[in-house]
Amino acid sequence: MEPAGAPPPSCAPAREAEEPPGSPALPAERPQDGEPAGKAREEAAAERSRGHGPVGRAARGRGRRGPEERGARAGRRPRVTVDSSKAKTSLEALKISLRQLRWREFPFGRRLPCDIYWHGVSFHDNYIFSGQVNKFPGMTEMVRKVTLSRAVRTMQDLFPTEYNFYPRSWILPEEFPLFVTEVRVMKESDPSWKPTFIVKPDGGCQGDGIYLIKDPSDVRLAGSLQSRPAVVQEYICKPLLVDKLKFDIRLYVLLKSLEPLEIYIAKDGLSRFCTEPYQEPTLKNLHQVFMHLTNYSLNIHSGNFIHSDNANTGSKRTFSSILCRLSSRGADVKKVWSDIISLVIKTIIALTPELKVYYQSDIPAGKPGPTCFQILGFDILLMKNLKPMLLEVNANPSMRIEHEQELSPGVFENVPSPVDEEVKVAVIRDTLRLVDPQKKKRKDTQSQTSEHVSETREDLLDAGPAGGLEYDTSKNAEAGLPSLCLKQVFPKYAKQFNYLRLVDRVAALFIRFLGVKGTTKLGPTGFRTFIRNCKLSNSNFSMASVDILYIDITRRWNSMGIDHKESGMCLQAFVEAFFFLAQKKYKSLPLHEQVASLIDFCEYHLAALDEKRPLCGRGIVERRSAVVPCPTDGLEVTPAVHAPLLNRMAAAGKFAGCRSHRYPGAVSPGAGRD
Ligand code: ADP
């Protein structure tokens, strides 16, 4: 079942490109408190090392009482503090948002910790011990073309129909032979199939290095591919056209929290148009970028590019204007929205397992660190039949609120763009409203005083101010603001999508055996312990076979050149090993059932183990605060991220019979890939 209902469209067009890494920061302003930024940071570090001020979650609230806190005690609501010193090109939109919210901006950083740190590029922009950061560690890596394709492929293996919104893709150079073979086989089985493919360099943006081909032999393998991997993808030949032009959609998505998963979608997006009338690809027109690529950064250079202040015309329009047009022609736009919501939730479900691995590595459980949220840019193409297809996800969607205008041929000037401002300021401002730490504090206080807060009331709290003295103040602060432009889609539709979160549960097993060293890769001992603790080895699957399996899969993944910084088994390699074991153990089932059964089996045995080790496992639910050194075998045990394992035991009981299951034969390397 798909989510019902569509967010009412409201926003306006804006600029769509991804923020390239290293974009220049906007001109700096005078430091607040009269301090240079560097000095402020040094003092903050000194302050932390002296033990003054909150240095982490444990210490939060125990720091020296600041003016905000004194103000709060005097009956005034403390203002939320935001460090904007690393905001780069999103600074302008952020400043306007903060003024609207009447929050306090620190453009040069602050001596004391801030509530929120707004980063223009990545999580690793400075060293932060508390508060919230608007980036997740590892997100930039996760949404690179190759990594995203891999993550979606894993989900396609499990749920092929549910994940058919992503074009068939191959990773170059390693899958080039597979690409050639599969295309040949498909052509043989359907001689009328005349495909086109699009080759996209990994890590590229704004159409950089992209080209179309008709045949695998046209891939430019020579030279650069080894140094720059790429994704080759089936080209969507029949996109929906408006005014005979191809266009795509940029939607803003807020990943508010990873654990528990919380996702919001902006009610409107942007449509970016090509500037040459579309024709299905032929050898003659393959090179016409203004016909085939919708990137703003490319089409702005076409003589046909139309700047328009009207959201319904021009080369950049609101998505809502497209939907209105479709609706007037009788199209089911509610279905389009519902399919888009589905696509977004499923894509994020594909990304979360690895994001959790990065998260625990950067912000190890029990250590001081911030929490994270992130605005993502989803690029979506509507096919002629209105089916949305995912093109890519941007970790740093451009938040500029100006656009380039060509004054004379080749001479460009940045001019303010009211439509960009309208959309992007709303997205940033409403993201801040949703992550508002004061609101969270008030919520916590409320839930302490009243244990029975109804779901409706929770929704009201989420949507804005509610009753009570503290909320009255908030009501005043929010009174002038429009309703939120971000609509919650998860956990709202969790029931419809939770069955897809199998790899999340595999990742929880992986993380449990990683240890506490802040690593992202599993060593051979960790893998052996996983096998032993989950009772996966027996006379037909010896520990020697386990070692061979580990070496075989790990070596192959590491040879793909993904990450040489650490040795060991990465999550994707562990997932492959896990699928292999599941296929061996539950032969006749479809893959997702095999995997689900093996997860239940493992969770059952780990729960039983935790039962036997009351000091290690019992009662610990939240992973972040619960990495427990276990004295019985020296293993660092991290309880699973998901629903309390002990609660699963009843459900897992049905697998008790599996304990005496015999593997049909020892695992031989490579056997599972036949
Ligand atoms: P970049 O990050 O360089 O913008 P994209 O993946 O967004 O890379 O691709 C650039 C453009 O190419 C898209 O905006 C879209 O117009 C077109 N495009 C990308 N993939 C496909 C595809 N599979 N089918 C049709 N058009 C595509």
Side-chain angles (χ1 to χ4, degrees), residues 15-21 23 139-149 152-153 156 163-172 179 183 194-214 219 228-242 245-251 269-282 285-302 305 315-317 319 322 343 347 376-385 387-398:
R15 198 172 142 164
E16 78 295 350
E18 183 175 10
E19 189 63 66
S23 335
M139 184 65 89
T140 310
E141 290 80 355
M142 271 318 296
V143 299
R144 286 172 76 99
K145 292 178 173 62
V146 164
T147 336
L148 176 71
S149 298
V152 175
R153 166 105 51 91
Q156 285 174 331
Y163 279 82
N164 66 5
F165 58 83
Y166 191 66
R168 202 177 349 222
S169 306
W170 297 265
I171 291 155
L172 302 178
F179 172 48
V183 170
K194 301 268 179 272
T196 303
F197 304 97
I198 182 163
V199 186
K200 313 194 228 181
D202 190 38
C205 62
Q206 303 184 342
D208 168 38
I210 291 182
Y211 60 96
L212 304 188
I213 54 171
K214 282 299 231 179
V219 170
R228 196 174 184 190
V231 166
V232 59
Q233 201 168 69
E234 225 178 306
Y235 186 74
I236 298 157
C237 291
K238 294 188 191 301
L240 179 71
L241 304 182
V242 165
L245 299 169
K246 176 177 171 178
F247 67 96
D248 76 350
I249 309 157
R250 159 64 54 86
L251 275 187
L270 306 168
S271 306
R272 292 92 48 101
F273 278 72
C274 279
T275 41
E276 291 282 344
Y278 183 78
Q279 287 166 13
E280 283 197 31
T282 60
N285 69 31
L286 277 188
H287 310 289
Q288 297 192 27
V289 288
F290 298 149
M291 178 185 286
H292 292 292
L293 306 188
T294 50
N295 300 78
Y296 166 86
S297 50
L298 296 173
N299 284 282
I300 182 80
H301 299 292
S302 153
F305 192 92
S315 298
K316 192 163 56 175
R317 313 179 193 178
F319 179 43
I322 306 288
L343 175 154
T347 304
L376 301 167
F378 273 65
D379 290 351
I380 293 167
L381 192 70
L382 280 185
M383 301 211 313
K384 206 172 179 175
N385 60 6
K387 181 182 164 60
M389 297 292 284
L390 177 69
L391 296 180
E392 71 162 349
V393 180
N394 293 294
N396 301 309
S398 167

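Whatever order the structure lists ligands and atoms in, that order sets their numbers, starting from 1.
- Listed by number with element, the atoms of ligand 1 under 4.0 angstrom from any heavy atom of Pro167 are 23 (N).
- Of the heavy atoms in Ile210, only side-chain atoms (C-beta onward) come closer than 4.0 Å to ligand 1.
- Under the 3.5 Å distance criterion, the side-chain polar atoms of Tyr235 are left unmatched by any main-chain donor or acceptor of Val199.
- Of all the listed residues (Glu392, Gln233, Lys238, Lys200), Lys200 holds the heavy atom that lies closest to atom 6 (O) of ligand 1.
- For the side chain to side chain contact (heavy atoms under 4.5 Å, CB included) with Arg272, the qualifying choice from Asp379, Ile249, Asn295 is Asp379, the only one to do so.
- Which of Val143, Asn295, Ile236 comes nearest to atom 24 (N) of ligand 1 through a heavy atom is settled by distance: it is Ile236.
- Two residues are said to be in side-chain contact when any heavy atoms from C-beta on lie closer than 4.5 Å; Ser149 and Tyr166 meet this criterion.
- Using a cut-off of 4.0 Å between Lys/Arg side-chain N and Asp/Glu carboxylate O, Asp202 and Lys145 are scored as not salt-bridged.
- Atom CE of Met389 sits about 9.0 Å away from atom CG of Leu343, to the nearest 0.5 Å.
- Remark: Leu382 CG to Ile380 CD1 distance equals 8.0 Å, nearest 0.5 Å.
- With a heavy-atom cut-off of 4.0 Å, His292 touches ligand 1 through its backbone alone.
- Here atom 16 (O) of ligand 1 lies nearest to Thr294 when heavy atoms of Thr294, Asp248, Leu298 are compared.
- Across Val231, Ile380, Leu391, heavy-atom proximity to atom 21 (C) of ligand 1 is greatest for Leu391.
- Proximity to Gly207 (heavy-atom distance under 4.0 Å) selects the following atoms of ligand 1: 1 (P), 3 (O), 4 (O).
- Each of the atoms 1 (P), 2 (O), 3 (O), 6 (O), 8 (O) of ligand 1 lies under 4.0 Å from some heavy atom of Lys145.
- Using the six-membered ring where Trp is involved, Trp170 and Phe179 have ring planes that are tilted, between 30° and 60° apart.
- Listed by number with element, the atoms of ligand 1 under 4.0 Å from a non-hydrogen atom of Gly204 are 2 (O).
- Atom CG of Leu212 and atom CD of Gln233 lie 11.0 Å apart (nearest 0.5 Å).
- Expressed to the nearest 0.5 Å, how far NZ of Lys246 lies from CG of Leu240 amounts to 12.0 Å.
- Residue contacts with ligand 1: Leu293 is placed with no nitrogen or oxygen under 3.5 Å of a nitrogen or oxygen of the ligand (distance criterion only).
- The shortest N or O to N or O distance between Tyr235 and ligand 1 is not under 3.5 Å.
- Proximity of Met389 to ligand 1 is not established, as no heavy-atom distance is less than 4.0 Å.
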>> For a side-chain contact (heavy atoms from CB on, under 4.5 Å) check, start with the C-alpha distance between Asn394 and Arg250, then their side-chain angles and the critical distance, and finish with the verdict.
In response: CA-CA 10 Å; Asn394 293 294; Arg250 159 64 54 86; 2.5 Å; yes

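- Ligand 1 lies nowhere less than 4.0 angstrom from a heavy atom belonging to Arg272.
- Looking at ligand 1, you won't find any N or O of Asn394 less than 3.5 Å from one of its N or O atoms.
- Counting atoms of ligand 1 from 1 in the listed order, those under 4.0 Å from a heavy atom of Ile198 are 12 (O), 18 (N), 19 (C), 20 (N), 21 (C), 22 (C), 23 (N), 27 (C).
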